[in-house]
Structure formats: C-alpha cells, structure tokens
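This structure is a prediction, so every number in the text was calculated from the model and none was measured.
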Amino acid sequence: MYRKSLILILSLICAALLGGCATADSVKVASFEAQISTIVDSIEEINDNMNAVDTESSSADKEILAYMKDLSAAIDKLAAVEVPSNDYQYVNDLALEAQEYMAEALTLYTQIFSTGAEYDPDVAETAFAYYEKACRRVSVIVSLLHGNTPSDVEITYE
C-alpha cells in the first residue's frame, strides 16, 4: 500500500512539474504574441495617419517626418521584443532587418526634409525603397504569425 501511494504521489508531482513547464512556455508565447500585436497595431495606426497627411499642406514635410520617427521607434520596439523560442526566431530576424531599413529611410527622409536642402529625386526614391522594405518585413511577420507564408518570401528555419 505504501509503495502504491508513493508511486501515485511521485506520478502526480511529475505531472504537475511537466504541466507547469508547458504553462510557462505558453504564457511566454502568449505574452510575445500580445506584445507583437500591440506594436503592429501601433505601426498600422502610424501608417494610416501618415497616409492621411495632406501633402499640399505647408506642414506636410514636418508631419510626415514626425510619423516616420514614430514608425522607426515602433519598429525598434518590435526588434526589441524577446523571442520566446527558436520557433519564432524569424520574427526577430525580420524585425532587425526592418529596423535597419527604417533607420536608413529615416536618415534619408530627414535629409530630404531638412531646411534648405535641395530636393533630390534619387534620394527620395532610395528613401522610399528602404521604407517599403521595412514595411514589407513587418507585413511578413504578421502573415507568418497568422500561419500564412507569403508566396514571394523564402523563410528558412534553423
């Protein structure tokens, strides 16, 4: 009887410990997904506001530059989110790429909108290309987290 009770108690302890590990991992993943969702919502709001700027306004360049700075800060937050496991490493990799591209875009847009700077269409085109690359990486992150792999993206899992 003592032996059966001991085996039962040990089995329950092992089950509780194993269940606790899964719960801790699932809590980390849920927290990660919530953080990503909040940041992506912020990015979408910034993008919507930027697209709503009246480009004919005398303050359009200042408004757009302010939104670009906000967007860069949001992407910085995205890149700083702690990845809960290797299953989500692609998020970190893509976010770091987005961060680099957005930093380049912001530098060029700041140059374009600086007081007294002469407009250079080549610089503007390059800035927009960096901006698009950053936004594309954020879009791919969202697609992948929703279980969809975009057909024009090659993802490797190490």
Side-chain angles (χ1 to χ4, degrees), residues 12-57 59-113 120-158:
L12 289 173
I13 290 172
C14 287
L17 289 174
L18 291 175
C21 292
T23 303
D25 287 344
S26 62
V27 168
K28 285 181 182 178
V29 169
S31 173
F32 166 77
E33 290 175 347
Q35 289 177 58
I36 296 292
S37 179
T38 300
I39 294 167
V40 167
D41 288 347
S42 171
I43 289 171
E44 289 173 351
E45 182 179 342
I46 293 165
N47 193 47
D48 290 346
N49 291 337
M50 191 166 34
N51 288 329
V53 171
D54 178 8
T55 57
E56 299 299 318
S57 166
S59 64
D61 55 347
K62 290 178 182 150
E63 290 178 60
I64 290 172
L65 191 56
Y67 286 128
M68 293 295 287
K69 288 177 182 177
D70 292 345
L71 185 58
S72 183
I75 291 174
D76 288 347
K77 287 180 186 176
L78 183 65
V81 172
E82 185 179 336
V83 178
S85 71
N86 285 338
D87 294 339
Y88 293 97
Q89 187 58 43
Y90 65 87
V91 172
N92 186 256
D93 296 343
L94 289 167
L96 289 172
E97 288 177 13
Q99 183 181 37
E100 290 174 22
Y101 287 130
M102 195 61 218
E104 289 294 328
L106 181 58
T107 297
L108 293 174
Y109 277 118
T110 300
Q111 178 185 334
I112 290 168
F113 294 135
D120 183 342
D122 292 335
V123 173
E125 185 177 319
T126 303
F128 187 69
Y130 280 127
Y131 165 78
E132 283 185 317
K133 287 179 180 183
C135 291
R136 179 65 181 140
R137 271 128 185 100
V138 172
S139 174
V140 170
I141 289 169
V142 171
S143 292
L144 291 169
L145 287 174
H146 286 122
N148 304 318
T149 303
S151 60
D152 61 337
V153 175
E154 183 177 321
I155 300 294
T156 57
Y157 299 95
E158 297 177 17

Minimum side-chain heavy-atom gap [X]-[Y] below 4.5 Å:
| X | Y | value |
| --- | --- | --- |
| Val140 | Leu144 | yes |
| Lys77 | Val81 | no |
| Tyr109 | Ile64 | no |
| Gln111 | Thr107 | no |
| Arg136 | Ser139 | yes |
| Tyr88 | Glu33 | yes |

Self-check item: Distance flag, aromatic centroids of Tyr101 and Tyr131, threshold under 6.0 Å
Solution: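 Tyr131 vs Tyr101: aromatic centres not under 6.0 Å.
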
Closest heavy-atom contact between [X] and [Y]?
| X | Y | value |
| --- | --- | --- |
| Ala95 | Ile141 | N-CD1, 3.7 Å |
| Tyr67 | Met50 | CD1-CA, 3.7 Å |
| Ala79 | Asn92 | O-ND2, 3.4 Å |
| Ser72 | Met102 | CA-CG, 3.6 Å |
| Val123 | Ile112 | CG1-CG1, 3.7 Å |
| Glu82 | Phe32 | O-CD1, 3.4 Å |

Separation between [atom1] of [X] and [atom2] of [Y], rounded to the nearest 0.5 Å:
| X | Y | atom1 | atom2 | answer |
| --- | --- | --- | --- | --- |
| Asp54 | Ser59 | CG | OG | 8.0 Å |
| Asp48 | Ile43 | CG | CD1 | 12.0 Å |
| Phe128 | Cys135 | CZ | SG | 8.5 Å |
| Ile75 | Leu106 | CD1 | CG | 10.0 Å |
| Leu78 | Leu96 | CG | CG | 9.0 Å |
| Asp93 | Glu97 | CG | CD | 7.0 Å |

Quiz item: Hey, does the side chain of Ser42 reach the backbone of Thr38 with a donor-acceptor pair shorter than 3.5 angstrom?
Solution: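 Flag not set: sc Ser42 to bb Thr38 has no pair under 3.5 Å.
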
